[in-house]
Amino acid sequence: MSTSGTPQFRYTQTPSKVLHLRNLPWECAEEELIELCKPFGKIVNTKCNVGANRNQAFVEFADLNQAINMVSYYASSSEPAQVRGKTVYIQYSNRHEIVNNKSPGDVPGNVLLVTIEGVEAGDVSIDVIHLVFSAFGFVHKIATFEKAAGFQALIQFNDAETASSARNALDGRSIPRHVLYLLPEHVGSCHLRISYSAHTDLNIKFQSHRSRDYTNPYLPVNPTAIEGIMQPAVGPDGKKKELESNVLLASIENMQYAVTVDVLHTVFSAFGTVQKIAIFEKNGQTQALVQYPDVNTAAVAREALEGHCIYDGGYCKLHLSYSRHTDLNVKAFSDKSRDYTIPEASLLAAQQVSGYPAAPAAWQNPQAAPMYHGNEFSGAASMQAQGPPGQGPSWDPAMQAGRSTFVSVPSTFPGQTFHASSGPVYSSAAMPPGSSPLQTGPTTSSSMASRGISQPGGPPNLRPGGGASPPGVGPPGASPSYYGQ
DNA sequence: AGCACA
């Protein structure tokens, strides 16, 4: 009775030009592997830090004979293979080539992604992190956040060399003993898992309890961070208050009919100037971000539209919440996004959607402080490249008040998915203030809302049909209107 | 000290 034989140990393993190395020191760098193996032949690929303990590796030789040479050499050698004095066990791999030799986190860069295991976000302050990592060089920026993986921090160094020295020294280690006294007593172990981020320059908008930009001491302090809030904002009545924002997140339920940027613009313009719109898909559901100039307008729109349907019959029901974003960075004119603050885009939009006043080109932000420009390739050079304020449609990310201190690709920001340029990327960009509201200012528009719009069945007086009907959408014979359920 | 990915 022949079974498919269980794999035996090395004696019956078929040779492969890929070798499996075990019992490596966990610090083992690719260079050390190469050092060990290159006397036997040309190494074409490696994979380091494999296994739960990250103490295994694979090395692929150019030629099978080279791998055989190495295995047989150490099989008969009196001196075992060693890395830093540690005996390394070598055998043929059961695969014949190394695929995916590097995970994204292993590609060196100047920004580290640090996961601090076994702690809550409040346990390890950004100052402790700064202290620990400053041992390896000047830390430019830090952004911390909580994800499923735990408490994480992005730490930006000047270059990949500095970053890798920090990673090599700290990956897998606990926070060094000399700073442990800075941690709360209940924090027992807090191991650091460190990989490289694909980011090259973090976009820090405020000095706050969760983000720092050490290159720019003049960066404004996030007002909400002064009190060091670690708990949700609380309203006057003591109840938990949802964090407000000038940007609304709209989920569109029961979307039987296409909802275009123009439709959304029409709907949301009833409450004030819509600055930017971005439509995207999330979990198979269509969502949209709608940016107003201020929180008040957004609050009014939210109150009025929540639970209402764009089309009669329960179609395209809106669910609104506040986004964490305060300023969207969207393509000026595409089928999924619109930036009405850009004069050209407004013109373009006006060609298609007649009847809407173009947003005024107000680019000066009175709130703007001298700012550090945090785009992908920023640095001294890009700061100089900034044009003077008030000139044309620049992308100067003027500072604006807001509570989002660190904004990036939604939901994927610190994770392992990096969209460099695909899709809308939300980050800092200018928020031109003082755009003239379509109807009324924020304060009066709230009275407007209280007069009727928020009442089910009381549609706002603005209908897409009036010069802005979305092409061929909506139920037959029905122009978009608002119906309470 | 015993085989990787997502």
Side-chain angles (χ1 to χ4, degrees), chain A residues 3-34 36-37 40-64 66-109 113-115 117 147-150 152 167-168 171-172 193-199 282-284 409-420 422-423:
Chain A
T3 64
S4 56
T6 49
Q8 296 300 300
F9 289 148
R10 62 175 73 99
Y11 303 107
T12 57
Q13 272 188 308
T14 58
S16 163
K17 59 188 192 325
V18 180
L19 298 183
H20 177 220
L21 291 80
R22 293 176 282 124
N23 201 37
L24 292 159
W26 60 260
E27 308 97 312
C28 188
E30 183 184 43
E31 294 73 41
E32 296 173 289
L33 282 181
I34 293 173
L36 176 71
C37 301
F40 301 93
K42 184 179 182 209
I43 296 148
V44 296
N45 216 342
T46 67
K47 182 163 183 65
C48 311
N49 299 322
V50 166
N53 298 324
R54 293 165 60 100
N55 61 352
Q56 302 176 33
F58 297 91
V59 172
E60 178 177 343
F61 283 101
D63 189 78
L64 177 64
Q66 299 168 343
I68 294 174
N69 280 345
M70 183 166 182
V71 169
S72 48
Y73 173 85
Y74 283 111
S76 59
S77 168
S78 55
E79 305 229 332
Q82 289 186 329
V83 171
R84 278 191 234 167
K86 206 166 178 242
T87 297
V88 176
Y89 300 85
I90 302 170
Q91 63 189 236
Y92 299 113
S93 171
N94 51 26
R95 299 194 202 175
H96 290 87
E97 62 179 353
I98 291 176
V99 291
N100 280 341
N101 63 318
K102 282 186 173 53
S103 59
D106 288 331
V107 180
L113 172 63
V114 179
T115 304
E117 296 172 341
K147 276 278 149 141
Q152 295 188 304
R167 182 176 117 121
N168 290 339
D171 190 18
R193 279 270 110 90
I194 304 180
S195 60
Y196 295 103
S197 164
H199 292 272
K282 184 155 183 182
N283 304 327
V409 182
S411 81
T412 60
F413 165 53
Q416 275 63 50
T417 319
F418 301 100
H419 323 187
S422 68

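None of the values given here were measured: they were computed from a predicted structure.
If you measure from atom CZ of A:Arg22 to atom P of B:dC3, you get 8 Å, rounded to the nearest angstrom. Here B:dA6 presents its P atom at 10 Å from CG of A:Asp106, a figure rounded to the nearest Å. Here B:dA1 presents its C1' atom at 8 Å from CG of A:Asn55, a figure rounded to the nearest Å. In this structure, CG of A:Leu19 is placed 20 Å from P of B:dA1, rounded to the nearest angstrom. Taking atom CG of residue A:Leu24 and atom P of nucleotide B:dA1, one finds them 12 Å apart after rounding to whole Å. Computed from coordinates, the A:His96 NE2 to B:dA4 C1' distance equals 15 Å when rounded to whole Å. One interatomic measurement links the two molecules: CZ of A:Arg95 to P of B:dC5, which rounds to 8 Å at whole-angstrom precision. What separates CG of A:Asn53 from P of B:dA1 is a distance of 9 Å, to the nearest Å.
The base of B:dG2 lies close enough to the side chain of A:Gln91 for a donor and an acceptor atom to sit less than 3.5 Å apart.
Looking at which nucleotide of DNA chain B each of A:Lys86 and A:Gly51 is closest to, the 5′-most match is held by A:Lys86.
As judged by a 4.0 angstrom heavy-atom cut-off over every strand, A:Asn23 is placed among residues touching the sugar-phosphate backbone only. Using a 4.0 Å heavy-atom distance criterion, A:Glu60 is classed as making no nucleic acid contact.
Of the candidate nucleotides B:dA1, B:dA4, B:dG2, B:dA4 has the atom nearest to the side chain of A:Phe58.
Salt bridge status for A:Arg54 with A:Asp171: present, with a side-chain N to carboxylate O gap under 4.0 Å.
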Trace of the ring-ring contact (aromatic ring centres under 6.0 Å, His included) decision for A:Tyr74 with A:Tyr89:
CA-CA 9 Å; A:Tyr74 283 111; A:Tyr89 300 85; over 10 Å; no

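The structure places CG of A:Leu33 at 8.5 Å from CG of A:Asn49, a figure rounded to the nearest 0.5 Å. Expressed to the nearest 0.5 Å, how far NZ of A:Lys42 lies from SG of A:Cys37 amounts to 15.0 Å.
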